[in-house]
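Accompanying notes for the structure given below.
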Number of protein chains: 2
Amino acid sequence: MTVRVLLADDEHLIRGALAALLALEDDLVVVAEAATGPEALAMARAHAPDVAVLDLQMPGADGVKVATSLRAELPACKVLIVTSHGRPGHLKRALAAGVRGFVPKTVSAQRLAELIRTVHAGNRYVDPELAADAISAGDSPLTAREAEVLEHAADGAPVAEIAERAALAEGTVRNYLSSAATKLGAENRHAAVRLARERGWV
Amino acid sequence: MTVRVLLADDEHLIRGALAALLALEDDLVVVAEAATGPEALAMARAHAPDVAVLDLQMPGADGVKVATSLRAELPACKVLIVTSHGRPGHLKRALAAGVRGFVPKTVSAQRLAELIRTVHAGNRYVDPELAADAISAGDSPLTAREAEVLEHAADGAPVAEIAERAALAEGTVRNYLSSAATKLGAENRHAAVRLARERGWV
DNA sequence: CACCGGGCATGACAAATGTCAGGGCCGGGG
DNA sequence: CCCCGGCCCTGACATTTGTCATGCCCGGTG
């Protein structure tokens, strides 16, 4: 009755250390490791693990995107996400993607092992503190277009460029940017981008 | 002839895993752990380790600041910095602070153990890739005022506010912002802030 | 000394950005 | 059915931001 685990994290140091620690548990076995989103997906297809432990931020595709694909291809594989910087919005999106567990990297390895068993048993677990943050932060007040335009504005692009990419008039883009900034209580669109990112709304 | 090591990283999961792996090495012993900059300093004072392994980004004070203090108080303690996201400027500042080693978290635990011995022996080591980045990125082309103004602009503040904080006319502020953006090859000041941050120049 | 060259600083002008008033569309109540 | 509210979209106008020409001061060079 061993649990087959896939480990995905771009930091080799951490991934290796984690693998070693989990190997100490009698009932857990790490069957595959990955350093990027696509790699994690490929490994999952090849090894069909019982539980996938994914880092939230990886090159290629983030943990939530991988979880979404996994949900479709390997419904039996439970997903547990670990993250360094807990953004409220990410938690919400992760749960929507069918993730079974969501914890910060501040937990101990012992606790992580327990949680792997927990999600494997079919239960859910989210870190209480992150959950509290997510609830107090509430839902994103942004409409679909506002969020879309904000995303395009993320790297400091001029309005003309955003307008072209979104196929909108410049005036319209300015409007969405402005209303988004107002809703977030930001002085201008750049501060708005920062805030939205922090809350995980983009 | 055992090496006494201090481990500082805000992520408990990683710190614990690392401690466990390093404990497997006969000649290494972890004498203290810390989760924040100030804590690392206190631990170092209390235990006088041979080598301090510091994460670059920690709450309170970053690895470079801790290294600077350590240099003054415990000159015998060698510092090895590990980081997730290697910014060229940080490497430069770290070396200026007397750090003996600088590596990304993508190295293996085995390699890390070797490096701890390397710096303990009095040698230096910096990751070749990070070194190449630092060299190709070169020195900051920004003048003192340009960097100062860029820093104030970091959180998307309007020019008027920056001008007040820097005690400059608005026109002057715009000028520094503009010349900084030009030097960095950025479209506008916000993109410039991002680039400068990436390179560790602010 | 006289003459650069570079950093620091400023105000005026042009260009980008933010704000406003308003119109079309759609779904839910009264 | 008709109205209301929310979302989507637009152009015109005011404000903010970016660019330019200009001047001062200082340290190094011929």
Side-chain angles (χ1 to χ4, degrees), chain A residues 89 92-93 96 137-202, chain B residues 89 92-93 96 137-202:
Chain A
K92 200 156 296 189
R93 280 193 293 145
D139 269 333
S140 169
L142 304 174
T143 69
R145 281 288 186 290
E146 284 166 356
E148 183 193 339
V149 170
L150 251 199
E151 238 169 313
H152 283 131
D155 51 354
V159 172
E161 201 176 311
I162 301 171
E164 193 182 0
R165 284 200 287 203
L168 288 175
E170 295 192 13
T172 311
V173 170
R174 282 197 283 274
N175 246 146
Y176 285 138
L177 254 20
S178 176
S179 74
T182 304
K183 283 177 181 175
L184 298 177
E187 282 290 323
N188 54 46
R189 66 190 165 119
H190 303 285
V193 166
R194 265 198 325 113
L195 287 172
R197 274 212 191 299
E198 274 174 23
R199 294 164 162 71
W201 289 339
V202 292
Chain B
K92 201 157 297 190
R93 281 192 293 146
D139 270 333
S140 169
L142 304 175
T143 68
R145 282 290 186 287
E146 285 166 354
E148 182 192 340
V149 170
L150 251 199
E151 239 169 312
H152 284 130
D155 50 355
V159 172
E161 201 177 310
I162 301 171
E164 193 182 0
R165 286 199 286 204
L168 289 176
E170 296 191 14
T172 311
V173 170
R174 282 197 284 274
N175 246 144
Y176 285 138
L177 255 19
S178 177
S179 75
T182 304
K183 284 178 181 174
L184 298 177
E187 282 289 325
N188 54 47
R189 66 193 165 114
H190 304 285
V193 167
R194 267 195 326 110
L195 287 172
R197 274 213 191 299
E198 274 174 23
R199 300 187 177 147
W201 287 340
V202 291

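Computed from heavy atoms alone, side chains included, the values below leave out hydrogens, waters and symmetry copies.
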Closest non-hydrogen atom pair between A181(A) and A192(A), with its separation
CA-CB, 3.9 Å
Treating primed atoms plus P, OP1 and OP2 as sugar-phosphate and everything else as base, which nucleotides of nucleotides 4-17 of chain C get B, S or - for protein heavy atoms under 4.0 Å?
---SBSBB-----B
T143(A)/K183(A) under side-chain contact (heavy atoms from CB on, under 4.5 Å): CA gap, chis, key distance, verdict:
CA-CA 10 Å; T143(A) 69; K183(A) 283 177 181 175; 3.8 Å; yes
Per-helix bend value, the helix from dC1(C)-dG30(D) to dG30(C)-dC1(D), C1' rotation axes over five pairs per end, 10° rounding, shows 10°
Mind running side-chain contact (heavy atoms from CB on, under 4.5 Å) on R189(B) and I162(B) for me, showing each step along the way?
CA-CA 12 Å; R189(B) 66 193 165 114; I162(B) 301 171; 3.8 Å; yes
Determine, step by step, whether Y176(B) and L168(B) satisfy the side-chain contact (heavy atoms from CB on, under 4.5 Å) criterion, reporting the C-alpha distance in whole Å, the side-chain angles of both residues, the deciding distance to 0.1 Å, and the verdict.
CA-CA 11 Å; Y176(B) 285 138; L168(B) 289 176; 4.0 Å; yes
To the nearest 0.5 angstrom, please state how far the CD atom of E151(A) sits from the CD atom of E146(A).
13.0 Å
Considering all heavy atoms of both residues, which atom of G156(B) and which atom of N188(A) are nearest to each other, and what is their separation?
O-ND2, 2.6 Å
Would a 4.5 Å heavy-atom cut-off, applied to side chains only, mark V193(B) and L184(B) as touching?
no
